[in-house]
Asks: 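I am attaching a structure below and will ask some questions about it afterwards.
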Amino acid sequence: HEGGAACQGTLNNTGSVWSVPLGGGCPKQMIGNQAAPHGMASDGTNLFYANQGTFNANNGSIQRIPIGGGSATPIATGQAFPLDIAVDGANVYWTNSADGSVWKSDKTTPNPIKLAGPGGLNHARFLRVDATNVYFTDGVGGVVNRVPIAGGSVVAMTTPVTLPGHLAIDSTNAYYASRGQTTAAMM
């Protein structure tokens, strides 16, 4: 690590969630013995993460753990291989890549609500959220979609591209990556 003595101890990184100071230092295991932890998002107080579980077994979960450490609290269980997570002031949002669904739940009082899907394997991949909508990539359909946070219809925002992946949003645009050769018409 940057500037300092070597870290002490054994690092067991199988099924674990870790933190490290932004300025560098020794990694700290927040929790171990997890079922394939993947997507993560922090609200500054808690870290929310996806335990993917076993593919096609619907045994994935969304967990919350205080950033200072402690026990994990399940936000949602029985999930279909959750992949990506986003948070806002009130909710945590996630995609389930095994069935193509998009979900939300209150951050403190778990109450999972399906916003979209299921659309099928890899139809919901990566997501971001603003004050009004959840934006997510459809890896099979090749589009970026949006669905209102309050629930409603899914709207395709793009024409198909090859394998849309991660995305980012700001106040005027959604930005997304495409893996492969693509010719897309502007909408």
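Remember, it's a predicted structure, so these values are computed and weren't measured experimentally.
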Asks: With a 3.5 Å distance limit and no angle check, can you tell me whether Asp106 reaches the backbone of Asn111 through a side-chain donor-acceptor pair?
Replies: no
Asks: Under 4.5 Å between side-chain heavy atoms, counting indirect links through other Ile/Leu/Val/Met/Phe/Trp/Tyr residues: same cluster for Leu127 and Tyr176 or not?
Replies: no
Asks: Can you get from Val144 to Ile169 by hopping between Ile, Leu, Val, Met, Phe, Trp and Tyr side chains that sit under 4.5 Å apart?
Replies: yes
Asks: Using the side-chain contact (heavy atoms from CB on, under 4.5 Å) rule, take Val20 and Trp18 through it: C-alpha gap first, then chi angles, then the decisive distance, then the call.
Replies: CA-CA 7 Å; Val20 65; Trp18 299 84; over 6 Å; no
Asks: Is there a side-chain contact (heavy atoms from CB on, under 4.5 Å) between Val143 and Met157 once you walk through the steps?
Replies: CA-CA 7 Å; Val143 296; Met157 297 170 49; over 6 Å; no
Asks: Is there a continuous path of hydrophobic side-chain contacts, each under 4.5 Å between heavy atoms, that joins Leu167 to Val161?
Replies: yes
Asks: Give a yes or no on whether the backbone of Thr45 and the side-chain of Asp43 come within a donor-acceptor separation of less than 3.5 Å.
Replies: yes
Asks: In the hydrophobic clustering (ILVMFWY, side-chain contacts below 4.5 Å, transitive), which residues join Ile85, or is it alone?
Replies: Phe48, Ile62, Ile75, Val87, Val92, Trp94, Trp103
Asks: What distance separates Ile65 CD1 from Leu47 CG, expressed to the nearest 0.5 Å?
Replies: 7.5 Å
Asks: Under a single-linkage definition using a 4.5 Å side-chain heavy-atom cutoff for Ile, Leu, Val, Met, Phe, Trp and Tyr, are Tyr93 and Val102 assigned to the same hydrophobic cluster?
Replies: yes
Asks: What's the shortest heavy-atom distance between Gly152 and Val147, and which atoms?
Replies: O-CG2, 3.6 Å
Asks: Which distance, rounded to the nearest 0.5 Å, do you find between the CG of Asn46 and the CD1 of Ile67?
Replies: 7.5 Å
Asks: Is there a chain of hydrophobic side chains (I, L, V, M, F, W, Y, each step under 4.5 Å between heavy atoms) that links Val154 to Val129?
Replies: yes
Asks: Can a salt bridge be assigned to the pair Asp84 and Arg128 using a cut-off of 4.0 Å between side-chain N and carboxylate O?
Replies: yes
Asks: Which atoms form the tightest heavy-atom contact between Gln79 and Asn96, and what is the distance?
Replies: OE1-ND2, 2.7 Å
Asks: If you count heavy atoms of other groups shown closer than 6.0 angstrom to CG of Asn173, is the number above 12?
Replies: yes
Asks: Check whether Ser178 reaches the backbone of Leu163 with its side chain - one donor and one acceptor, N or O, closer than 3.5 Å.
Replies: no
Asks: What are the two closest non-hydrogen atoms of Gln63 and Ala72, and how far apart are they?
Replies: OE1-CB, 3.6 Å
Asks: For the OG1 atom of Thr95 and the CZ atom of Phe126, what is their distance to the nearest 0.5 Å?
Replies: 7.5 Å
Asks: Could you tell me the separation between the CZ atom of Arg125 and the CG atom of Asn145, rounded to the nearest 0.5 Å?
Replies: 14.0 Å
Asks: Measure the spacing between CD1 of Ile31 and OG of Ser16 and express it to the nearest 0.5 Å.
Replies: 9.0 Å
Asks: Under the criterion side-chain contact (heavy atoms from CB on, under 4.5 Å), I'd like the reasoning laid out for Thr132 against Ile149: C-alpha separation, chi angles, the key distance, then a yes or no.
Replies: CA-CA 6 Å; Thr132 309; Ile149 287 172; 5.7 Å; no
Asks: Minimum heavy-atom separation for Pro37 and Val17, please, with both atom names.
Replies: CB-CG2, 3.9 Å
Asks: Of all heavy-atom pairs between Gly60 and Pro82, which one has the smallest distance, and what is that distance?
Replies: CA-CD, 3.9 Å
Asks: What's the spacing between Lys104 NZ and Ile113 CD1 if we round to 0.5 Å?
Replies: 5.0 Å
Asks: What are the two closest heavy atoms between Pro110 and Pro74, and how far apart are they?
Replies: CG-O, 3.5 Å
